[in-house]
Amino acid sequence: MDKNTNVKNRIIEVTTELIEQHNGNIKDITARMIAAKAGVGLGLINYHFRSKEKLITECVQRIIGKVVTEFQMTKQYETDKECLTACATYVFDFLFEYSAISRVSILGDLQNYTKNCNSVLTQQGFSLSLKNGISDKNKSMFVFILTAAMQTAFLGSETATQLLGYDFTKKKDRAAYISKLVDFLFGGAVQIDE
């Protein structure tokens, strides 16, 4: 690895540590803190990432990507619906428990929606829960709608609470929302495939 790559990787590593130390509260992290902890000049952050915000976004995407790829369902479920509900509830809870980094990740995905972004990786993970009764074409639409509905409810949680009646600050309401959403989607997906 060349010197520039080592410096860039060090900045990413330090920034990721700071994000985790501050429990995702990225407002508490300054470019000066990052530079000091990485042992580099402040200008190198702009040189490698153009801004602190772009650096933070890249680090958050890596953190969320790691969570998404490492998530494994340990419990066996009798139906796809039960499995997907459990998986989606886990993801939805994660969004609210780590709201600062989740917001950065989702907004980053919306600005740069690619096959490798965390939203698409989440959809692919949800697809693994659907083994029976839904065609591949409809499966893609199903998980796209599920992910979009979860992200919209998260990003606009106060308005969603007013419109839908779920208090997303409560774990039981988040679970109830996901259960209702999955029920709704399964009803539509089965009808489409018939």
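In what follows, every heavy atom counts, from backbone to side chain, and hydrogens, waters and symmetry copies are set aside. Treat the numbers as computed from the prediction; the structure is a model and nothing was measured.
Residues Ile134 and Lys139 approach most closely at CG2-N, 3.5 Å, considering heavy atoms. For the pair Tyr177 and Ala149, the tightest heavy-atom approach, listed with the atom from each and the gap, is OH-O, 3.0 Å. Nearest approach of Ala38 to Val14, heavy atoms of both residues: CA-CG2, 3.8 Å. Residue Val60 comes nearest to Ile101 through the heavy atom pair CG1-O, 3.0 Å, listed as atom of the first residue, atom of the second, then distance. Closest heavy-atom contact between Cys87 and Ser129: CB-OG, 4.1 Å. When every heavy atom of Asn112 is checked against every heavy atom of Cys117, the shortest pair comes out as O-CB, 4.1 Å.
Side-chain contact check for Leu18 versus Lys37: some heavy-atom pair is nearer than 4.5 Å. Contact annotation: the side chain of Thr161 never approaches that of Asp173 to less than 4.5 Å [non-hydrogen atoms, C-beta and beyond]. In this structure the side chain of Val120 reaches within 4.5 angstrom of the side chain of Tyr113, judged on heavy atoms. Annotation: side chain of Val143 is not in contact with side chain of Gln124 (no heavy-atom distance under 4.5 Å). In this structure the side chain of Phe154 reaches within 4.5 angstrom of the side chain of Ser99, judged on heavy atoms. At least one side-chain heavy atom of Leu155 sits less than 4.5 Å from a side-chain heavy atom of Leu110.
Rounding to the nearest 0.5 angstrom, the gap separating the CD1 atom in Ile106 from the CD atom in Gln151 is 4.5 Å. Taken from CD in Gln76 to SG in Cys83, the straight-line distance is 8.0 Å, to the nearest 0.5 Å. Note that CZ of Phe96 and CE of Met150 are 9.0 Å apart. Values are rounded to the nearest 0.5 Å. Atom SG in Cys59 sits 10.0 Å away from atom CD in Glu17 (nearest 0.5 Å). Distance check: Asn6 CG to Ile11 CD1 gives 11.0 Å after rounding to the nearest 0.5 Å. Here the NZ-CG distance, from Lys131 to Leu84, works out to 11.0 Å after rounding to the nearest 0.5 Å.
When Asp80, Thr85, Leu181 are each tested for a side chain to side chain contact (heavy atoms under 4.5 Å, CB included) with Phe186, only one passes: Asp80.
Two different hydrophobic clusters hold Leu185 and Phe144 under the rule that ILVMFWY side chains link at heavy-atom gaps under 4.5 Å. Leu128 and Phe126 fall into different hydrophobic clusters, where Ile, Leu, Val, Met, Phe, Trp and Tyr side chains are chained together by heavy-atom contacts under 4.5 Å.
Other residues, nucleotides and ligands contribute more than 12 heavy atoms inside 6.0 Å of the CE atom of Met33.
Ring geometry for Phe168 against Tyr166 counts as parallel: the plane angle stays under 30°, on a 0 to 90° scale with 60° as the upper cut.
Taking 4.0 Å as the cut-off between side-chain N and carboxylate O, Glu97 and Lys171 count as a salt-bridged pair.
Under a 3.5 Å cut-off, the side chain of Thr57 and the backbone N or O of Glu53 do form a donor-acceptor pair. Remark: side-chain polar atoms of Lys27 are not paired, donor with acceptor, to backbone N or O of Ala100 under 3.5 angstrom.
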Please walk me through it: do Ile12 and Arg62 pass side-chain contact (heavy atoms from CB on, under 4.5 Å)?
CA-CA 10 Å; Ile12 290 171; Arg62 288 179 183 214; 3.6 Å; yes

Test Lys54 against Glu58 for salt bridge (charged side-chain N to carboxylate O under 4.0 Å, His left out), laying out the working first.
CA-CA 6 Å; Lys54 290 189 185 218; Glu58 183 170 330; over 6 Å; no

